[in-house]
A.B. asks: 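A single structure is presented below for examination.
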Amino acid sequence: MAKFVIIQFPGSNCDQDCYHVLKDVMGQQVRYAWHKDSLIEADESIILPGGFSYGDYLRTGSIARFSPIMSSVIAAAKAGQPVLGICNGFQILCEAGLLPGALVRNRDLHFVCETALMRVEANDTLFTRKYQKGQHVRIPIAHGEGCYVASEQTIRHLNEYGQVLFRYVGAEGQAREKSNPNGSIANIAGICNSEGNVLGMMPHPERASESLLGSEDGKALFESMIRSAAR
């Protein structure tokens, strides 16, 4: 059985969804940690859930990055523990410097809430080993600031070293402008760090882990983390 800790910030609203999937659907050991806590066990996988931490009043994730528990999250990430940031969690990871780049307002300046089609770009990571490389998955997105931006050098590095794990595509399987829901550079939907233990993604796998929700394509991500923790 794997151990997970879900970090709760003021404004988190997907924390209970993640807890339900991990506890009730996957049968794993999971607990919450409040943003003022500091304890993270060495054998726990960390999840930063979606939501609007601190209301996102200044800039998405920019205040949460300074929450007391983030020092422990950063230390755990540097020690090699798995860290998954979903939506607002992705934004926080970028603000904290655990992932390169930033998330800015969507290209059309509208909040986008829909099911996105993505291609799995790599399946040799602890987050994607239960997928097939090139597999198409349908996972919901819901964000106003999900446009991933970074320097040309950073994008080149991410592509060259296999750190882009998910990319938005159309039904034909191509990463084209019309299949890009938010304007992210190179249709990027999720990236990992160079060590492969920190993943940030805008789509919500916890909303696609049960058939009654219309898709189980996100379940393999959690199964990958559980399998990796068991090794």
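All values reported here derive from a predicted model rather than from experimental measurement.
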A.B. asks: Go through the steps to decide whether S179 and N187 satisfy the test side-chain contact (heavy atoms from CB on, under 4.5 Å), and finish with yes or no.
C.D. replies: CA-CA 8 Å; S179 59; N187 286 48; 3.5 Å; yes
A.B. asks: Any chance you could measure E41, atom CD, to Q29, atom CD, to the nearest 0.5 Å?
C.D. replies: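 Output value for this atom pair is 9.5 Å.
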A.B. asks: Please walk me through it: do L103 and M202 pass side-chain contact (heavy atoms from CB on, under 4.5 Å)?
C.D. replies: CA-CA 9 Å; L103 284 306; M202 290 312 297; 4.0 Å; yes
A.B. asks: Which pair of heavy atoms, one from F9 and one from S53, lies closest together, and at what distance?
C.D. replies: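 Looking at all heavy atoms of both residues, the closest pair is CB-CB, 3.8 Å.
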A.B. asks: Is the ring pair H35/Y54 parallel, tilted or perpendicular, if the boundaries are 30 and 60 degrees?
C.D. replies: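 Because their plane-to-plane angle is over 60°, the rings of H35 and Y54 count as perpendicular.
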A.B. asks: For the residue pair E114 and P181, what are the closest heavy atoms and their distance?
C.D. replies: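 The pair with the smallest heavy-atom distance is OE2-CB, 3.7 Å.
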A.B. asks: Should the pair D43-K3 be classified as a salt bridge under the 4.0 Å nitrogen-to-oxygen rule?
C.D. replies: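 Looking at K3 together with D43, the answer is yes, because their closest N to O distance falls below 4.0 Å.
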A.B. asks: With a 4.5 Å cut-off on side-chain heavy atoms, are E152 and I155 touching?
C.D. replies: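 No. Closest side-chain heavy atoms not under 4.5 Å.
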A.B. asks: Does atom OH of Y161 have more than 12 heavy-atom neighbours from other groups under 6.0 Å away?
C.D. replies: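 No - once you tally the heavy atoms of other residues, nucleotides and ligands closer than 6.0 Å, there are 12 at most.
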A.B. asks: Hey, could you give me the CZ/CZ distance between R119 and F166, rounded to the nearest 0.5 Å?
C.D. replies: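 Those atoms lie 12.5 Å apart.
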A.B. asks: L126 and side chain to side chain contact (heavy atoms under 4.5 Å, CB included): which partner among L199, N197, L84, I226?
C.D. replies: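 Between L126 and the candidates, side chain to side chain contact (heavy atoms under 4.5 Å, CB included) is satisfied uniquely by N197.
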A.B. asks: State, to 0.1 Å, how close L48 and I46 come at their nearest heavy-atom pair, and which atoms those are.
C.D. replies: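 Residues L48 and I46, closest heavy atoms: CD1-CG2, 3.7 Å.
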A.B. asks: To the nearest 0.5 Å, how far apart are OG1 in T154 and CD1 in I185?
C.D. replies: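 So the OG1 of T154 and the CD1 of I185 are separated by 9.0 Å.
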A.B. asks: Which pair of non-hydrogen atoms, one from A33 and one from V5, has the smallest distance, and what is that distance?
C.D. replies: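 Scanning both residues completely, I find the closest heavy atoms to be CB-CG2, 3.5 Å.
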A.B. asks: State the CD-OG distance between Q28 and S45, to the nearest 0.5 angstrom.
C.D. replies: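 Between atom CD of Q28 and atom OG of S45 there are 9.5 Å.
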A.B. asks: Work out which heavy atom in N123 is nearest to a heavy atom in K133; give both atom names and the distance.
C.D. replies: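 Shortest heavy-atom contact: ND2-N, 3.6 Å.
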A.B. asks: Could you check whether any side-chain N or O of S215 sits under 3.5 Å from a backbone N or O of R138, counting only pairs where one atom can act as donor and the other as acceptor?
C.D. replies: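 At least one qualifying donor-acceptor pair exists.
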A.B. asks: To the closest 0.5 Å, what do you measure between OG1 (T128) and CD (Q135)?
C.D. replies: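 Here the interatomic distance stands at 10.5 Å.
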A.B. asks: Report yes if the distance between the aromatic ring centroids of Y131 and H136 is under 6.0 Å, otherwise no.
C.D. replies: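 No, ring centres 6.0 Å or more apart.
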A.B. asks: The test is side-chain contact (heavy atoms from CB on, under 4.5 Å); show your working for N106 and L109 and say whether it passes.
C.D. replies: CA-CA 5 Å; N106 294 343; L109 305 181; over 6 Å; no
A.B. asks: Answer yes or no: is there an ion pair linking K78 with E195, defined by an N-O contact shorter than 4.0 Å?
C.D. replies: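 A salt bridge is absent here (no side-chain N lies under 4.0 Å from a carboxylate O).
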A.B. asks: Salt bridge or not between E44 and R31? Use side-chain N to carboxylate O under 4.0 Å.
C.D. replies: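 R31 and E44: salt-bridged.
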A.B. asks: Show the nearest heavy-atom pair for residues G51 and C14, with the distance to one decimal.
C.D. replies: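 Here G51 and C14 meet closest at N-SG, 4.4 Å.
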A.B. asks: Got a second to check how far I6's CD1 is from E206's CD, nearest 0.5 Å?
C.D. replies: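 One gets 9.0 Å once the value is rounded to the nearest 0.5 Å.
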